[in-house]
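Letters A, B, ... are given to chains in the order of the sequence lines, protein chains preceding strands, and every chain is numbered from 1.
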Protein chains: 4
Amino acid sequence: MTSRKQEKFEMILDAAEKVIAENGFHGSQVARIAKEAGVADGTIYLYFKNKEDILISLFQNRLGSLVESFKNNISEEDSAEEALYKICDIHFSLLEENIHLAYVTQIELRQSSLELRKAIGQAVKPYIQLIEHILIKGVADGSFRRNLDTRLTRQLIFGAMDEVVTSWLISGQKYSLTAQVANTVDFFIRGLK
Amino acid sequence: MTSRKQEKFEMILDAAEKVIAENGFHGSQVARIAKEAGVADGTIYLYFKNKEDILISLFQNRLGSLVESFKNNISEEDSAEEALYKICDIHFSLLEENIHLAYVTQIELRQSSLELRKAIGQAVKPYIQLIEHILIKGVADGSFRRNLDTRLTRQLIFGAMDEVVTSWLISGQKYSLTAQVANTVDFFIRGLK
Amino acid sequence: MTSRKQEKFEMILDAAEKVIAENGFHGSQVARIAKEAGVADGTIYLYFKNKEDILISLFQNRLGSLVESFKNNISEEDSAEEALYKICDIHFSLLEENIHLAYVTQIELRQSSLELRKAIGQAVKPYIQLIEHILIKGVADGSFRRNLDTRLTRQLIFGAMDEVVTSWLISGQKYSLTAQVANTVDFFIRGLK
Amino acid sequence: MTSRKQEKFEMILDAAEKVIAENGFHGSQVARIAKEAGVADGTIYLYFKNKEDILISLFQNRLGSLVESFKNNISEEDSAEEALYKICDIHFSLLEENIHLAYVTQIELRQSSLELRKAIGQAVKPYIQLIEHILIKGVADGSFRRNLDTRLTRQLIFGAMDEVVTSWLISGQKYSLTAQVANTVDFFIRGLK
DNA sequence: CATGAATGAGGATTCATTCAT
DNA sequence: AATGAATGAATCCTCATTCAT
């Protein structure tokens, strides 16, 4: 992809994030996104297969940033506990800082067909695998208990964090999300030991 | 509500559960639900405000059964740990036994506006409060640690269970959901102590 | 079909004939036809499967009238020659009297997929068979020659009449169509003897 | 037109014939024709005014070949009857040999606006005039009857042949088209005498 | 209470055509 | 002469909801 194409691709993605966060996925007409991005309606379809593809691409792109952020902040020398803390911290911070993105991931992205849910599942996989990687490492170095079911536990951890974010969002962000990091991770660590 | 009305109300709800589970919320036309229930299209609107109201009512009704089940199975004499185990067990069992209901609650019900999400949140509240009630009891009788943030933890527990169910569903139910109960609760208990 | 339904069905058909004749099939929006018929857009779809179905139904309906007209005007006692004359006369007269219908059958109806052409072919079949019936009768009573290939000839006759109508229409109806009946039939009769 | 231009013009025409025969006129995107011809989309518009112009040009070009073929095969010394036979024979043979062309002329070319129909009429004119020329010659040399309406008859003959071709095409070419020449011309000759 | 015919708003997508390079 | 990225107009059909019977 040329940088010219890449540039326009991201313009549309930014526009989509804004419009979808404000109006919801079903409430966001392609024409509206095009206008916000400053391109013609038809141009959207030179970069995305269809409307749903915009949503998927948006999610993949943003999740990529999250994973990127993990790579930059978590070193292999960090203990499993520290790594888990950082993951939760980055996760909560990112969404608290970017309320548009939070709406899209927690509310709009869920308004999707089973088909789409599976595609999203694929995109989330690297993240969930990262959590499992840390769990395995913790078990190996003795930080966590031996009999830990890492496949199940990675889901428990992801699901717990996800619910905290959604509850915070639905509450109208009346409290600090990042303030929940310590207790959340504490709960996890205890469960893991 | 007369029993005559009540009866038809439930006929429509049963029809809706079946149709929505098979076709998804957006794929379920009111006309289709009416036909399945054996009533005229217009009749639906004598019992429900609109299409979304069917979904909410369905959820409330089924959640009522779940809470009912808790009341019948959990006694005040049960220890907090036992109660938590039963909650998770009943939760997983109910959805494993009723795949239609599982689809509706985990997939279709999420395909909804922020508005609807709030209504659903209201319906889930008693359940989440039940979890918190157990947590508080556990703290009180010394089963759980004193400094537990019960508001946050009830979300963590609910979110973790919810994610396990959704993952199981999206996987295509390739493994037993109830088989996850023991490890799931174990993780919670450790986190709570 | 109740007479209530039948009535609305024909209202829509009449509206479609008018609108399509004036604007062509591709130039006729369903909304426009609905407005002309005095019904809502959606109502159209209670009576017709889709836009193309309106065109097919229109053709079938009008062709039915034509065949009806033949039945009323041609008696079994008529000689084959007389019958052929009447057919051509009724055919030309009907289209000359109803220029809207002429446009639809000669121009718009041809603007169609191979699929549709086959459907139209089915509708025309009774008419072409009627021509063949007359040819066979003429051969039987000695009016026409024995070695006549009736399958081929019915096509020659239908195609010849069809072309005369289309040419007249494209010319802008600068001359009388019915004035061509005598010479047209004369040509046929000679070819048949 | 330079031979360079001429060459590319014909490349596009060949591509159009192939694509339109396979997908129909409405199903043939300009981009598809361009790709088949190995040129850029925009290049098409250096050689043709618009999409419809491609169809007209294609028809004119192919009809030119037909008339060319007549000139090469019909001599002024041929009797009117012989000439008529040759015309029908060449007409049927050409289309039977080139099924792509047959689809385009009999089906796709008819899917057109009144506007286009008139342009096609212009292109067909030389052919119809050729038929009339033969009729006049036949009347002059006494082969055909004196009172023949040559304007009408040329239409009857053209329409009859056209219908035979279309019927053969829609039938799925289940029988030989050229096998119909003898009986077809026989019918004409009788009608002309 | 119940019916079901009628309504009509609403939107993703295609594709012929243009024009800056 | 040629390119091909960008344009943006244009429309069929669905389906939640109503209301006269």
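The backbone N or O of C:Ser57 lies less than 3.5 Å from no partner atom in the side chain of C:Asn61, so there is not a single donor-acceptor pair.
D:Lys8 has no side-chain polar atom (N or O) that falls below the 4.0 Å cut-off from OP1 or OP2 of F:dA1.
Here the nucleotide nearest the side chain of A:Thr43, chosen from F:dT7, F:dG4, E:dA2, is F:dT7.
For the pair A:Lys49 and C:Gly38, nearest-nucleotide mapping onto DNA chain E gives the more 5' position to C:Gly38. Residue-to-nucleotide proximity on DNA chain F shows that, of C:Gly42 and A:Leu46, the 5′-proximal contact is made by A:Leu46.
Checked against ring pair (Phe, Tyr, Trp, His ring centres under 6.0 Å), B:Tyr45 has no partners two or more places apart in sequence or in another chain. Taking B:Glu22 as the reference, B:Lys18, B:His100 meet the side chain to side chain contact (heavy atoms under 4.5 Å, CB included) condition, with sequence neighbours excluded. Residues meeting the side chain to side chain contact (heavy atoms under 4.5 Å, CB included) test with A:Gln29, sequence neighbours left out: A:Arg32. Here D:Arg62 pairs with D:Asp14, D:Glu17 under the salt bridge (Lys or Arg N to Asp or Glu O under 4.0 Å) rule; sequence neighbours left out.
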Secondary structure of DNA chain F in dot-bracket form (Watson-Crick or G-U wobble, distances below 3.5 Å, | marking inter-strand pairs): .||||||||||||||||||||
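Between C:Tyr47 and C:Phe9, the ring-plane angle classifies as tilted under the 30° and 60° cut-offs.
Between the CD atom of C:Glu7 and the P atom of E:dA5 there is a distance of 16 Å, rounded to whole Å. Across the protein-nucleic acid pair, D:Arg32 atom CZ and E:dA16 atom P stand 12 Å apart, rounded to whole Å.
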Listing time: all N or O pairs from protein to nucleotides 10-12 of chain E that are below 3.5 Å?
unit_1	atom_1	unit_2	atom_2	d
E:dG11	OP1	A:Gln29	NE2	3.3
E:dA12	OP1	A:Lys51	NZ	3.0
E:dA12	OP2	A:Val30	N	3.0

